[in-house]
Amino acid sequence: MIKKWWQKSVIYQIYPKSFFDSNGDGIGDLQGIIQKISYLKRLGVDVIWLCPVYQSPQEDNGYDISDYESIYPGFGTMDDMKKLIRICDREGIRIVMDLVVNHTSDEHKWFQEAKKSRENPYRDFYIWRKGKNGQLPNDLESNFGGSAWEYSEETDEYYLHFYSKKQPDLNWENEKLRQEIYRMMNRWLDLGIAGFRMDVIDLIGKLPDEKIKENGPRLHEYLQEMNANTFGRRDAMTVGECWGATPEIARLYTAPERKELSMIFQFEQIQLDKKKGGQRWDLKELDLRDLKAVFSKWQYELEECGWNSLFWSNHDLPRIVSRWGNDREYRELSAKMLATLLHGMKGTPYIYQGEELGMTNAPFTSIEDFPDIETQNIYKERLRAGFSEEETMCAIRKKARDNARTPMQWNAEKNAGFTTGTPWYQVNPNYTEINAEDAMSREDSVFYYYQKLIRLRREHEIMAYGIYDLLLPEDEDLYIYTRTLENEKWLILCNFHEKERVITSMRMGRVILSNYADTPQLEELCLLRPYEAVIYQISGKKENIKIPVICRLEGKSVRIE
Ligand code: NOJ
C-alpha cells in the first residue's frame with residue numbers, strides 16, 4: 001500500500017459562522033479563524049475542513065452558493081481567504097474546502113439565466129420537467145421536507161431541488177457544466193488548498209424520472225472524470241459525503257486504482273438511535289452491540305482496500321457527549337471515552353469544533369430557538385403528520401443540527417467570547433463552565449486529552465495502520481478492540497456506560513493513555529470505572545504479540561487471555 005499524508009492526519013472541522021467573530025457583527029469570519037490558528041496549532045490538528053465560505057444568500061448557511069469564486073462578505077474577502085491559506089501553510093496546517101456541486105443557490109447566475117427561457121444556454125445546467133396533468137412531475141421528496149419539485153412560472157416547468165427550493169439541483173449530465181466545475185476546482189487548488197470535502201456527492205448521478213437519488217449509474221464515471229481533470233494530478237485529499245454508502249460502494253469510491261476519492265463519510269453508525277425504517281426523529285436508545293457491529297464491519301471491510309473516515313459529530317449532527325455520552329456528572333470522562341474509542345480505530349479522525357471541549361447540546365426548549373431550515377420544516381411536517389408538540393420537540397432537542405451550531409465557547413465572558421456584538425445564534429448558557437480558556441488552563445481537560453490522541457497518531461504508526469480486531473461483540477457495556485502492527489499490539493478498553501466492570505487478565509499491559517489519572521497497568525485484576533477508557537500496549541515476548549488476544553465473559557467479569 002502506498003502511504004498517504006492524509007492517512008496519518010487529524011482533521012478539524014470549522015463551521016465559520018459559529019467559530020469566532022473578529023469584527024463584532026455577530027457572525028464568525030475568516031479573520032476570526034486566522035486569530036485562532038494558534039489554538040488549533042496547540043491542539044495539534046493537521047488539516048482544517050472549512051465549511052462553505054463562498055458567496056451565498058445563506059438560506060442553508062452557505063450550502064447554497066451563488067458564486068463559487070468569491071467570499072460571502074459576512075465572512076470577509078478573497079484577500080482574507082488568501083491570507084488564511086498563507087498562514088496555515090506557514091504553520092503546517094492544510095485546508096480542505098467544502099465543495100457543494102450537487103446544487104447551487106437559486107441566486108447563482110447560472111440559475112438566474114436558466115430560469116429565463118427554455119432556450120437559454122444555461123437551461124440544461126439544471127433539471128427541468130413538465131408537470132403531469134397539472135400536477136407535480138412525480139412524488140420525489142426534498143430532504144428538507146415537501147416535494148422536490150418547484151414550479152417556475154416563467155417557463156411553465158418545474159425544477160428539481162433535493163434541498164430547499166432555493167437550492168436547485170445541477171444537471172451533471174451536461175458536459176459544459178462539468179467542465180465549469182472542474183475549472184473552478186482547479187482555481188481553488190491553484191490557490192493552495194489541499195483538497196475538498198464533497199457535499200452529498202452521491203446524489204450527482206441522480207435519475208429523477210426513475211426516482212433514483214443516490215448512487216446513480218454515472219456517479220463513478222463523473223468522479224473519475226473529476227479526479228482526472230482536477231485533484232488527481234496533485235497530492236490532494238478528498239472526502240465524499242455519502243449517506244447511502246455500503247462498504248462495497250465505499251470501495252468503489254476509495255480503491256486507489258479506481259482514481260476517485262481518498263475516503264468517504266458513511267453514516268451507518270450515526271443512524272443507530274432511530275427506529276428501523278423511520279426518520280432520525282423517531283428516537284430509539286442506542287444498543288452498544290449495534291455500534292460495535294457497524295464500526296467493526298466498516299473496519300474489516302475496508303482493511304485491505306479503501307480507507308475509513310472516523311467521526312462522531314459534524315455541523316449536521318447533535319453533540320456526541322449529549323447523544324451517547326453523559327453530559328451531566330460524567331461529561332468530561334465520557335467525552336474522553338468517546339474520543340478514545342473513535343481515535344483508536346483505523347482511519348482518518350475528524351473533530352468538529354467544540355468537540356475537543358466536550359461542548360454539549362443546547363438546553364433550548366421552544367421551536368423559535370431552533371432557527372435551522374431543516375428543523376423548522378421538520379417541526380411543521382411532524383405536527384401535520386399527527387405527532388404531538390411534546391414528542392416533536394423532544395426529538396428536535398435531541399437530534400436537531402442547531403445543537404452543533406451554537407457559537408464556539410471561548411471563555412467565560414459575555415457571549416462566551418465569541419463576539420462583542422449580538423451573536424447570530426444564542427450561546428449555550430453553560431459557557432461559563434465549558435470554554436476553551438478554562439480547558440487550556442487545566443491539564444486534565446478534554447482539550448489536552450484530544451491533544452494527546454492527536455500526538456499518538458503522529459508518533460505511532462500503529463494508530464494509522466494497525467489492524468483492528470473487535471473483542472467481546474456481545475457485551476452491552478464494554479467496547480474492546482486491539483490494533484496490531486508487526487510486533488506491536490495495543491488493547492483499547494472502553495467502558496461505554498456507568499456500570500463498573502471487573503477485568504481479569506493473563507496479559508500485562510502498559511498504559512499509553514487513559515481518561516482517569518490513576519489507571520493502573522493491565523495486571524491480573526483490574527476494575528473499569530464509569531466511562532473509563534484505556535489504551536494499553538500489550539507487553540510480553542514477541543510470540544505473545546502474535547497470539548490473538550482472547551476475551552471472554554466469566555459471570556459479570558471479563559477475562560483477557
Ligand atoms: C449536507 C450538508 O452537510 C448540509 O449542511 C446541507 O444542508 C446539505 N448537504 C445541503 O447542501
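We count residues from 1, following the sequence as given. One-based numbering, in listed order, for ligands and for the atoms of each. Being a predicted model, the structure only gives us computed values, none of them experimental. Because only heavy atoms are used, hydrogens play no part in the values below, and waters and symmetry mates are left out as well, while side chains stay in.
Ring centers of His103 and Tyr63: at least 6.0 Å apart, outside the cut-off. Between Tyr15 and Trp49, the gap from one ring centroid to the other reaches at least 6.0 Å. The aromatic ring centroids of Trp410 and Tyr39 lie less than 6.0 Å from each other. Taking the six-membered ring for Trp and the full ring otherwise, the centers of Tyr122 and Phe111 sit at least 6.0 Å from each other. Taking the six-membered ring for Trp and the full ring otherwise, Phe311 and Tyr352 have centroids separated by 6.0 Å or more.
By the side chain to side chain contact (heavy atoms under 4.5 Å, CB included) test, Glu175 pairs with Arg178, Gln179, sequence neighbours left out.
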Please tabulate, one line per pair, the protein N or O atoms found under 3.5 Å from any N or O atom of ligand 1, giving the distance to one decimal.
{"from": "ligand 1", "atom 1": "3 (O)", "to": "Arg197", "atom 2": "NH2", "distance (Å)": "3.2"}
{"from": "ligand 1", "atom 1": "3 (O)", "to": "His315", "atom 2": "NE2", "distance (Å)": "2.8"}
{"from": "ligand 1", "atom 1": "3 (O)", "to": "Asp316", "atom 2": "OD2", "distance (Å)": "2.4"}
{"from": "ligand 1", "atom 1": "5 (O)", "to": "His315", "atom 2": "NE2", "distance (Å)": "3.0"}
{"from": "ligand 1", "atom 1": "5 (O)", "to": "Asp316", "atom 2": "OD1", "distance (Å)": "2.8"}
{"from": "ligand 1", "atom 1": "5 (O)", "to": "Asp316", "atom 2": "OD2", "distance (Å)": "3.4"}
{"from": "ligand 1", "atom 1": "5 (O)", "to": "Arg401", "atom 2": "NH1", "distance (Å)": "3.2"}
{"from": "ligand 1", "atom 1": "7 (O)", "to": "Asp60", "atom 2": "OD1", "distance (Å)": "3.3"}
{"from": "ligand 1", "atom 1": "7 (O)", "to": "Asp60", "atom 2": "OD2", "distance (Å)": "2.5"}
{"from": "ligand 1", "atom 1": "7 (O)", "to": "Arg401", "atom 2": "NH1", "distance (Å)": "3.1"}
{"from": "ligand 1", "atom 1": "9 (N)", "to": "Asp199", "atom 2": "OD1", "distance (Å)": "2.9"}
{"from": "ligand 1", "atom 1": "9 (N)", "to": "Asp199", "atom 2": "OD2", "distance (Å)": "3.2"}
{"from": "ligand 1", "atom 1": "11 (O)", "to": "His103", "atom 2": "NE2", "distance (Å)": "2.9"}
{"from": "ligand 1", "atom 1": "11 (O)", "to": "Asp199", "atom 2": "OD2", "distance (Å)": "2.7"}

